[in-house]
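Here is the structure we will look at.
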Amino acid sequence: MRRKADLPQKICAACGRPFTWRKAWAKVWEEVRYCSDRCRATRKLEGPPPRRP
């Protein structure tokens with residue numbers, strides 16, 4: 001069993017927050033860019049997010 005801290009992480013392309021690997025993404029982890037459906041939908045409607053310092 002793995003601890004959550006040991007799982008891989010990425011930064012969301014829409015909100016800029018880190019998110020952790022999920023079992024549902026196991027086969028497509030390399031293609032996952034957004035942390036949620038909300039971020040994916042927001043990204044399509046708006047342009048790129050403002051850069052945070």
Side-chain angles (χ1 to χ4, degrees):
M1 189 158 162
R2 295 180 113 177
R3 294 187 311 230
K4 189 165 184 161
D6 295 337
L7 296 174
Q9 289 188 343
K10 288 187 179 183
I11 303 296
C12 179
C15 66
R17 296 182 187 143
F19 62 97
T20 309
W21 181 90
R22 296 180 189 170
K23 188 174 181 179
W25 295 333
K27 294 180 181 178
V28 293
W29 177 245
E30 297 301 321
E31 300 160 15
V32 174
R33 296 183 57 207
Y34 306 106
C35 63
S36 65
D37 289 336
R38 180 180 178 185
C39 281
R40 186 176 56 222
T42 302
R43 180 66 175 200
K44 290 180 181 177
L45 296 175
E46 300 176 3
R51 298 211 63 145
R52 297 187 338 176

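The residues of the chain are indexed from 1 along the displayed sequence. Everything quoted here is computed from the prediction, not taken from an experiment. All values below were derived from every heavy atom in this structure, side-chain atoms included, with hydrogens, water molecules and symmetry-related copies excluded.
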Is it the case that one hydrophobic cluster holds both Val32 and Trp21, taking links as side-chain heavy atoms less than 4.5 Å apart, direct or via other members?
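Yes, one cluster joins them.
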Separation between CZ of Arg22 and SG of Cys35, rounded to the nearest 0.5 Å
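Separation between the atoms: 7.5 Å.
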Hydrophobic side-chain clustering at under 4.5 Å (ILVMFWY, transitive links): who's grouped with Ile11? Put none if nobody.
none
Closest approach of Ala13 and Tyr34, non-hydrogen atoms and distance?
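It is CB-CE2, 3.6 Å.
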Applying salt bridge (charged side-chain N to carboxylate O under 4.0 Å, His left out), which residue pairs with at least one partner in residues 25-38 are found, sequence neighbours left out?
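Listed once each, the pairs are Asp37-Arg40.
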